[in-house]
There are 2 protein chains.
Amino acid sequence: MEENRKVPAVVIKRLPRYYRYLGELLKQDIKRISSGALSQKMNVTASQIRQDFNYFGGFGQQGYGYNVEYLYNEIGKILGLNDGDTMIIVGAGNLGRALASHSNFEKRGFKLVGVFDNNENIIGSTINGVKVMDIRNLEEFLADNRVDIAILTTPKRAVQEVAERLVKGGVMGLLNFSYAELSLPHGVAVENVHISDPMMTLSYKIKQAREGHSV
Amino acid sequence: MEENRKVPAVVIKRLPRYYRYLGELLKQDIKRISSGALSQKMNVTASQIRQDFNYFGGFGQQGYGYNVEYLYNEIGKILGLNDGDTMIIVGAGNLGRALASHSNFEKRGFKLVGVFDNNENIIGSTINGVKVMDIRNLEEFLADNRVDIAILTTPKRAVQEVAERLVKGGVMGLLNFSYAELSLPHGVAVENVHISDPMMTLSYKIKQAREGHSV
DNA sequence: AATATTATGTTATAATATTAACAAAAACAA
DNA sequence: TTGTTTTTGTTAATATTATAACATAATATT
């Protein structure tokens with residue numbers, strides 16, 4: 001029932017996975033689940049599940065388990081989903097366009113309100129119902145529209161400058177897909193996604209398997 | 001100099017980041033670096049860097065530090081990069097096409113040898129110099145070509161079946177971008193990439209910042 | 001050549017994270 | 001009901017990970 005311990009980052013990182021699994025259970029119309037049953041499905045220990053949830057006070061009931069819908073919603077609240085956070089995508093290349101069409105963001109409660117690029121040939125076109133705007137009009141847009149999150153899919157050389165402009169314009173969080181690592185004022189939330197990292201990890205695992213080690 | 005301790009997964013996960021940073025240093029023609037200097041750039045402790053490298057025997061010299069190129073190459077070897085691993089992409093939707101055009105994979109030594117889809121309109125077209133093939137010909141292709149890694153960007157409903165066919169065809173590692181989590185025989189290396197997970201983590205951080213907690 | 005400095009590899013210590021244990025509470029069964 | 005089973009929240013024990021400390025060796029300096 002203790003609520004004020006600082007929640008370790010490693011616990012926070014696990015919440016999205018819990019959330020996804022619980023969403024699946026919901027779809028299957030499963031009303032309740034025990035930590036033991038969930039642990040089997042998710043391949044973690046029941047103890048860890050209970051411990052994790054307990055950082056937030058615990059959401060279950062002895063002898064019963066957890067109400068799936070309630071738990072799902074509570075984790076969503078912890079993560080700040082469905083708060084109506086808005087996002088823009090900066091960089092309408094292959095990856096930017098793919099992400100713009102990615103319906104999962106909407107499913108998690110994030111609303112795409114703009115896409116920006118500097119390529120004349122792309123500016124003015126529409127992706128997933130959203131107009132691609134000129135990056136030169138970024139400041140104007142940010143002044144008129146609240147933007148919570150920006151997804152960065154620009155080339156490496158552009159990303160630091162763009163990030164600074166976004167922060168200056170009031171954007172609170174950046175999801176950085178570019179290769180460069182950003183240095184920004186304290187207080188700006190940044191998550192880096194380097195898609196070749198898991199590829200390299202995979203390469204290591206394969207090598208291990210080839211050499212007869214367990215994977 | 002100890003080499004046979006089991007290397008913790010958390011250390012392996014850090015290697016790609018070291019590798020990327022060292023690649024940057026190389027480009028800047030920096031020949032040597034100390035754990036202290038590297039730790040500042042990467043925002044980790046020097047102790048951790050030395051400890052991490054020591055799992056593999058250590059690559060430095062007392063009083064000198066690390067030779068950047070040597071260290072870069074050694075980490076590459078540990079990760080099994082530039083071993084000529086081949087890869088295919090299954091699912092030529094927005095994300096699959098974006099990944100096919102993603103030059104970083106090649107930079108890390110992975111060679112794209114095929115793209116598969118089931119959409120008649122896409123089959124036969126070319127992405128990044130590689131022909132999109134009919135998924136029905138997957139087995140035939142795998143019989144004729146060694147494929148080490150498959151990137152999965154199919155819709156969720158298709159991914160488990162495709163994964164099984166790939167494994168049967170001899171593919172050793174899967175990089176799964178689809179929402180579903182795969183259950184596969186022991187010994188198959190799998191890395192899951194759920195791009196909405198870091199988005200949710202970011203949402204949490206923003207919420208914390210709004211509530212006045214440090215990020 | 002002698003000394004001071006640098007910086008590793010490695011061991012020791014501290015901090016975190018995971019798992020196990022279990023009392024208390026609710027659900028279920030007889 | 002009453003007793004038995006289930007299953008949580010929570011504390012205790014263990015294991016893992018990160019940091020600090022330092023002896024040793026190479027480099028740099030005088």
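So you know, we letter chains A, B, ... as the sequences are listed, proteins then strands, and number each from 1. Worth knowing before you read on, the calculation uses all heavy atoms, side chains too, and leaves out hydrogens, waters and symmetry mates.
- The existence of a salt bridge linking A:Lys27 and A:Asp29 is excluded, since no basic side-chain nitrogen approaches an acidic carboxylate oxygen closer than 4.0 Å.
- In this structure, B:Tyr55 atom OH and C:dT11 atom P are separated by 12 Å, rounded to whole Å.
- Checked against side-chain contact (heavy atoms from CB on, under 4.5 Å), A:Arg108 has the following partners two or more places apart in sequence or in another chain: A:Tyr19, A:Arg20, A:Tyr72, A:Phe110, B:Tyr179, B:Ser196, B:Met200.
- Taking every side-chain heavy atom of A:Gln61 into account, C:dA26 is the closest of C:dA26, C:dA20, C:dA17.
- Rounded to an integer number of Å, the gap from A:Asp52 CG to D:dG9 C1' is 13 Å.
- The residues B:Arg165 and B:Glu161 are annotated as salt-bridged, a charged nitrogen and a carboxylate oxygen being separated by less than 4.0 angstrom.
- Here D:dA12 presents its P atom at 12 Å from CD of A:Gln51, a figure rounded to the nearest Å.
- Two residues, B:Ser35 and A:Pro8, neighbour DNA chain C, and the one matched to the more 5' nucleotide by heavy-atom proximity is B:Ser35.
- A cation-pi arrangement is absent between A:Arg32 and A:Tyr66 under the rule of less than 6.0 angstrom and at most 45 degrees off the ring axis.
- Residue A:Tyr66 places at least one side-chain N or O under 4.0 Å from the OP1 or OP2 atom of D:dG9.
- Between the B:Asn176 side chain and the B:Ser178 main chain, a donor and an acceptor come within less than 3.5 Å of each other.
- The side chain of A:Thr45 contributes an N or O atom lying less than 4.0 Å from OP1 or OP2 of C:dT19.
- Looking at heavy-atom distances under 4.0 Å, A:Phe53 makes no contact with the nucleic acid at all.
- Rounded to whole Å, atom C1' of C:dA15 lies 14 Å from atom NZ of A:Lys6.
- Between B:Asp52 and B:Arg14 a salt bridge is recorded (basic side-chain N to carboxylate O distance below 4.0 Å).
- Here C:dA17 presents its P atom at 11 Å from CD1 of A:Ile12, a figure rounded to the nearest Å.
- The distance between atom CG of A:Leu71 and atom P of D:dG9, rounded to the nearest whole Å, is 10 Å.
- No more than 12 heavy atoms of other residues, nucleotides or ligands lie within 6.0 Å of CD in A:Glu69, so this atom counts as exposed by the packing criterion.
- For A:Arg50 and D:dT8, the shortest distance from a side-chain N or O to OP1 or OP2 is below 4.0 Å.
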Intra- and inter-strand pairs of DNA chain D in dot-bracket (Watson-Crick or G-U wobble, both distances under 3.5 Å; | for another strand)
||||||||||||||||||||||||||||||
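- The nearest whole Å value for the distance from the CD atom in A:Gln48 to the C1' atom in D:dT16 is 13 Å.
- In this structure, the nucleotide among C:dA12, C:dA20, D:dG9 sitting nearest to the side chain of A:Asn54 is D:dG9.
- A salt bridge links A:Glu191 with B:Lys205: the closest approach of a Lys/Arg side-chain nitrogen to an acidic carboxylate oxygen falls below 4.0 angstrom.
- Protein atom NZ of A:Lys13 is 18 Å distant from nucleotide atom P of C:dT16, rounded to whole Å.
- Across all strands shown, A:Ser47 has heavy atoms under 4.0 Å from base atoms, whether or not it also approaches the sugar-phosphate.
- Candidate nucleotides D:dT11, D:dT8, C:dA27 were compared by shortest atom distance to the side chain of A:Tyr64, and C:dA27 ranks first.
- Among the nucleotides D:dA20, C:dA25, C:dA21, the one closest to the side chain of A:Gln62 is C:dA25.
- With D:dT27, C:dT18, C:dT8 as the candidates, the nucleotide lying closest to the side chain of B:Arg32 is D:dT27.
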